[in-house]
Every structure is written in structure tokens, then in C-alpha cells.
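Just below is one structure, and these are the notes that go with it.
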Amino acid sequence: MSDDLPLGRPVNAPMHYDPAVLRSIERRTARLGMGIGEELPFSGEDVWNCYELSWLSPSGLPRAGVLTVRVPVESPRIVESKSLKLYLNGFNAETFEDADTVAAAVERDLAAETGGDVRASIRDSQAVDPPGDFASFCLDDLPAFVERYERAPELLTASDERGADAVHTHLFRTVCPITGQPDWGSVRVDYRGRLLDRTGLLRYLISYRNAADFHEVVAERIFVDILGAADATELTVDARYLRRGGIDINPFRSTNLAEAPPIRLPRQ
């Protein structure tokens, strides 16, 4: 991890477009700690929706839109969230021909920072998809007794019966490893393998409540834990975090899907 991350420190917002404010975090370090080598056990992407984006048209009229950035899991680095916010603030006083020109600049700069084939698109604020929900069983009303609030993979118990299940929770929370601030979200798990006890799965997901890690690392830990516990032949973990600083981050990891579905949850 870079030792000059702006996260957790007072930093002046850029007055002009400046890609030099971007900072990145290596994926490899956390993945090695999970036993993930060069060959990834999943495909997927990190989807960042940025709701605070504005720039100037050639006439000087401010324009605004919602930016969606897609970073593939194969990229060696992820962008640090506060640096991305600072970077986007720099567009406020900069003139661009149109939204496509802005998106092209974002793609170029984030590809250089992450080392991945980044895709960026901008939609009018009024064209953003209305909120929806996961199409799966909600675990949240199960009568679970919960006493663990640090990651506890031993709570995952599987039967000898094999099958498929798709579940989700809106009770998910982790904390930022730099600032200690809470990161609220929802997680969907869709798998085929040894069937997991649903109550145990809920207790496991809640056990992340005080876990301090970045969003992408959390999603990959969940993936690795469930892949092993369920002896899964297919697995998708779709994590949807609430906005912080005008940005929501949505790590998506799957054995068989490369792109996250276009869902925006009500709290997002």
C-alpha cells in the first residue's frame, strides 16, 4: 500500500483536472494472504458509481452526470477511493467538449493507475436506473443468535446434500482499515455445491461487522471462504456498498460471470 494515501488525512481539493492526485493499492498483498496466487479463482469486476461529477462545457455552462467505472479483477491495482474523489473534484473547473470526452479521460487515467482495462461511462442524472433489489432469499429475518463480530469462517456449515442456493443480506457492515469509519452494504451469494446452513451463513456474513478491510478484499475473502465450505462448483459474490463521498463501490466476484448485473439497491 502506498504511504501517501490521502485517506484519513486533510487534503486540499484540486482546483483543476489533475491525474497526479490518483493513488492506488496493490491487490497482490491481500490476495497472497488468502492463498490466491497468479491464477485467480474468480472473474468479475469492481463497479464504482460516482454521483458527484461536474465539468464545464465550451460555453462555460456546468454539466453534470453519473460516472460508472468498471475495473477488471485482473488489474494489479485498485484505485484508492479518496484520491478518486479528489481527482473527480478537479473536473469542476475544467472545460471538456462533452461527456464522452470526460469518460475517455477517466478511462485513460484510471487504466494507467490500476494497470487494467478500465471502462468508464457517464449518464445523465435523470437516466440512472431506479432502485431494485436482489432476486434471491433474504436471510435477515432468520432467528439467528449472533455473538461474533469479527470474520468467523467456522460459522459456515455444509450438509452432505448438494444443490443450488441464492441468498442475500442487507445487514452487512465492515469498517475502513484506515479511518475506522463504518462501511454499510448488502451482499448476495449465489452458489452450487454442498448446501450451507442459511442461519450459519447469515451469522458468518454478520461476523464481518467489525472487520477492517477494503471493500474488494472483503468480497474476495467471502468468496474464498464459501468456495471452500460449500465445495462450490459455481459461486458468485455480489457486494453492494452504500455511498461514501458520493461514490458507491460494488465488488463482484464469480466463477462463471464476468460482469456485475445492473442493480442499484434502494439504499444506494
* Between H215 and Y241, what is the ring plane arrangement, given parallel below 30°, perpendicular above 60°, and tilted in between? -> perpendicular
* Check the pair N250 / Q268 against side-chain contact (heavy atoms from CB on, under 4.5 Å), numbers first and verdict last. => CA-CA 11 Å; N250 306 280; Q268 293 185 300; 2.9 Å; yes
Does [X] come within less than 4.0 Å of [Y], counting only side-chain N to carboxylate O?
{"X": "R27", "Y": "D46", "answer": "yes"}
{"X": "R119", "Y": "E259", "answer": "yes"}
{"X": "R221", "Y": "D213", "answer": "yes"}
{"X": "K85", "Y": "E52", "answer": "yes"}
{"X": "R162", "Y": "D231", "answer": "yes"}
{"X": "R253", "Y": "D238", "answer": "no"}

Surrounding [atom1] of [X] (heavy atoms of other residues, nucleotides or ligands, distance under 6.0 Å), is the total greater than 12?
{"X": "D129", "atom1": "CG", "answer": "yes"}
{"X": "M34", "atom1": "CE", "answer": "yes"}
{"X": "E150", "atom1": "CD", "answer": "yes"}

* Do R148 and E154 pass the salt bridge (Lys or Arg N to Asp or Glu O under 4.0 Å) test, and can you show the C-alpha distance, the side-chain angles, and the key distance before you say yes or no? -> CA-CA 11 Å; R148 304 287 297 276; E154 62 271 19; 2.7 Å; yes
Could you give the distance from [atom1] ([X]) to [atom2] ([Y]), rounded to the nearest 0.5 Å?
{"X": "N256", "Y": "T236", "atom1": "CG", "atom2": "OG1", "value": "5.0 Å"}
{"X": "R70", "Y": "W48", "atom1": "CZ", "atom2": "CH2", "value": "14.0 Å"}
{"X": "F134", "Y": "S186", "atom1": "CZ", "atom2": "OG", "value": "5.5 Å"}
{"X": "S121", "Y": "N49", "atom1": "OG", "atom2": "CG", "value": "8.5 Å"}

How close do [X] and [Y] get, counting heavy atoms only, and between which atoms?
{"X": "F172", "Y": "V218", "value": "CZ-CG1, 3.6 Å"}
{"X": "R23", "Y": "S83", "value": "N-OG, 3.0 Å"}
{"X": "L155", "Y": "S207", "value": "CD1-CB, 4.3 Å"}
{"X": "S43", "Y": "V73", "value": "C-CG2, 3.8 Å"}
{"X": "A144", "Y": "L202", "value": "CB-CD2, 4.1 Å"}

Side chain of [X], backbone of [Y]: donor and acceptor closer than 3.5 Å?
{"X": "E26", "Y": "T29", "value": "no"}
{"X": "S254", "Y": "G44", "value": "no"}
{"X": "Q181", "Y": "C176", "value": "no"}
{"X": "Y191", "Y": "L196", "value": "yes"}
{"X": "R28", "Y": "P76", "value": "no"}
{"X": "S75", "Y": "V71", "value": "no"}
{"X": "S54", "Y": "R63", "value": "yes"}
{"X": "E45", "Y": "A260", "value": "yes"}

* Asked: V217, I206: one ILVMFWY side-chain cluster at the under-4.5 Å cut-off?
  -> yes
* Same cluster or not: are V175 and V187 linked, directly or through other Ile, Leu, Val, Met, Phe, Trp or Tyr residues, by side-chain heavy atoms under 4.5 angstrom apart? -> no
* Sorted by first residue and then second, give each salt bridge (charged side-chain N to carboxylate O under 4.0 Å, His left out) pair with at least one member in residues 182-196; sequence neighbours left out. => D160-R194, D183-R244, R188-D190
* Residue pairs, two or more places apart or on separate chains, that pass salt bridge (charged side-chain N to carboxylate O under 4.0 Å, His left out) and touch residues 198-210 -> D165-R198
* To do: Taking atom types as modelled, find out whether N210 and R173 have a side-chain donor-acceptor pair closer than 3.5 angstrom.
  => yes
* **Residues T255 and E234: side-chain donor-acceptor under 3.5 angstrom** => no
* Working for side-chain contact (heavy atoms from CB on, under 4.5 Å), residues F214 and I25 -> CA-CA 10 Å; F214 292 111; I25 300 168; 3.7 Å; yes
Only pairs under 3.5 Å count here: list side-chain donor-acceptor contacts from residues 87-94, not counting sequence neighbours, and write none if there are none.
from: Y87; atom 1: OH; to: D109; atom 2: OD2; distance (Å): 2.7
from: N92; atom 1: ND2; to: N89; atom 2: O; distance (Å): 3.1
from: E94; atom 1: OE1; to: Y17; atom 2: N; distance (Å): 3.2

* To do: Please lay out, stage by stage, how V69 and V47 fare under the test side-chain contact (heavy atoms from CB on, under 4.5 Å).
  => CA-CA 6 Å; V69 175; V47 182; over 6 Å; no
* Is the shortest heavy-atom distance from the side chain of I122 to the side chain of V106 under 4.5 Å? -> no
